[in-house]
Amino acid sequence: MSDDQNKRVNEHSKDEQLEQYRVDNGGKKMTTNQGLRVSEDEHSLKAGVRGPTLMEDFHFREKMTHFDHERIPERVVHARGYGVHGFFQVYEPMTEYTRAKFLQDPSVKTPVFVRFSTVAGSKGSADTVRDARGFAMKFYTEEGNYDLVGNNIPVFFIQDAIKFPDLVHAFKPEPHNEMPQAATAHDTFWDFVANNPESAHMVMWTMSDRGIPRSYRMMEGFGVHTFRFVNEQGKARFVKFHWKPVLGVHSLVWDEAQKIAGKDPDFHRRDLWETIENGGTVEYELGVQMIDEEDEFQFDFDILDPTKLWPEELVPVKIIGKMTLNRNQDNVFAETEQVAFHPGNVVPGIDFTNDPLLQGRLFSYTDTQLIRLGGPNFHEIPINRPVCPFHNNQYDGYHRMTINKGPVAYHKNSLQNNDPSPATAEEGGYVHYQEKVEGKKIRQRSDSFNNYYSQAKLFWNSMSPVEKQHIISAFCFEVGKVKSKDVQRQVVDVFSNVDTGLAEEIAKGVGVAPPAKRKASKEILTSPALSQARTVKTASTRKVAVLAGNGFREKELQTVLSALKQEGITADIISQTLGYITSGTGQQLEAGGTFLTADSVLYDAVYAAGGPELKGNKQAMAFIREAYNHYKAIGTANEGIDLLQSAVRTTEGPGIVTAKDEADYTAFSKAFIEAVAAHRHWDRRI
């Protein structure tokens, strides 16, 4: 590779590469796909104005044929996804740990494309269903594409990839009636859980608030598997990857999540799109946990078990860089739908382990892209193309874009000086870590994988009282939808191994006999890092609904709106009708939403500015009441206080901020912003 080819990539290189594929139809004349200008696009070619359509109408045939083939098979899992572009920068050279070049130079901005997704639902399902979320990114590095394909939960349901088809068949809609869509509240999923107890830990996570994130911008990401870092000297370390959102980790409440699915099924993708479209950025810090090879067996869990995490208190997370997402996709199909991730897309310095789930994924991801994207050349689709040159003897196949010159397509050869030739390690060639492997061929799982409940207990013990109650409610809802009493009893028995109190509450909620008492553990282990109660809390990028009507107090509203804007909070004026509302002094503000088109569940907080015409307004009161019941911050002043009193029968309590005269407006704004930053006010009595 020449020096020119080997130059460092920057944040613009992927954009520059994609530019040749972008098309803007503005001001252009219509043509066929062959470039022939079209004179008519409203009527097909006929034999007479009332005669039959003619087969020679090539424009009609091309247009209809393309339409008939516009859809490709959706992903079996992670079908509903949304993508965004950005870049990654490492904070300091990681030379001590890995030779990966994109982790060495803090001045280099490596382009990335990230796809967020739900797992269980079809492409047309809602964003806010209870589910794990996919968190997959493609780094376009100078050494080739590196894919880190993870989830927002650090563990998985199963330990061996051979069980993956069984898991997916269990949580997908039941085949005899194709119900329920994008939900695990049905018999086959819970029958699988009850009979495959290795899933207990992951189920605890999905039943927790982690299963219903507030936003893609406010959820963690995890590589799930144990990988290896390998440095220039060949020293390897086991590594797990973490993405820490700068805004902290926050979630919806279940009632809210269900209502949003009806009010705005695109809630998460809209949140991401609007944040970036309005000039904002989405940021995550990359962290790694590392274990020296000589310490592999120093823990009471197997570090290769994908149903286990490495507690941060035992193996600290080292923050090594930041990912900034700052550009929306130009075309969802061309980018989000056609992007092809694969955990086997690695660069020198990153290698695999014997994690049996990872080993299966290394086969499965390529295999599934072959059917989804129509053949072996999916790497040539613009969103999948590396920014560095690629050369090999893999020719032909469906949708080949590269025009290879010369007669030779094999190795070794003399007709072309043996080009393209393999690169040495010194030239950047990938060399697999030389792990010693020996053993008999056997279909068996290591005994070290047999501890199914210890980390499920750890997770439960680490939750705050509010989080525990949410988990109980989630179990009661999900298992309560199961029709088989036998399956319900089995589920209760399985989770009695996690916590007897939890199992008793599930049993009570679904109407089956309580589990037998189990001997309590003498030592209660916790990992505070697992609880969202300890997360970052900021008001930045939050959305506030401002309820106002004609006659509103101008000084009050302008003071509050100015303070919200200064903190990076988006404020939407909601009124009875769209258009302008007028203050008592004649000032006008435009209402962008009404009580019909907007809803409390779509906002993080409510500020009732009031106005005489909103007095006694039932829709405004319902708006406030729902925010109150979802533990959100509520700010009111003047007439808005009466509106709050009518809605919830109180004007005091956690997360409620009021002001009664002009002197209070600045202090009121500050207190309200602090309440918004808290996300929820769980000590409010509902």
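Heads up: numbering here begins at 1 and tracks the sequence. As the structure is a computational prediction, the values presented were derived from the model and not from experiment.
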Applying side-chain hydrogen bond (donor to acceptor under 3.5 Å, both in side chains), name anything that partners [X], two or more places apart in sequence or on another chain.
X	value
D292	R237
R542	D604, H679
E674	none

Who are the ring-ring contact (aromatic ring centres under 6.0 Å, His included) partners of [X], not counting sequence neighbours?
X	value
W682	H470, Y631
Y146	F102, F139
F171	none
H681	none

Q: Could you note down all residue pairs passing salt bridge (charged side-chain N to carboxylate O under 4.0 Å, His left out) where residues 677-686 supplies at least one of them, sequence neighbours left out?
A: E256-R680

Please enumerate all residues that pass side chain to side chain contact (heavy atoms under 4.5 Å, CB included) together with [X], with sequence neighbours excluded.
X	answer
E143	K101, T141, V347, P348
E283	V246, T281, K322, T324
D302	L304, D305, S446, S448, F449
Q532	D209, R210, V249, S251, E467

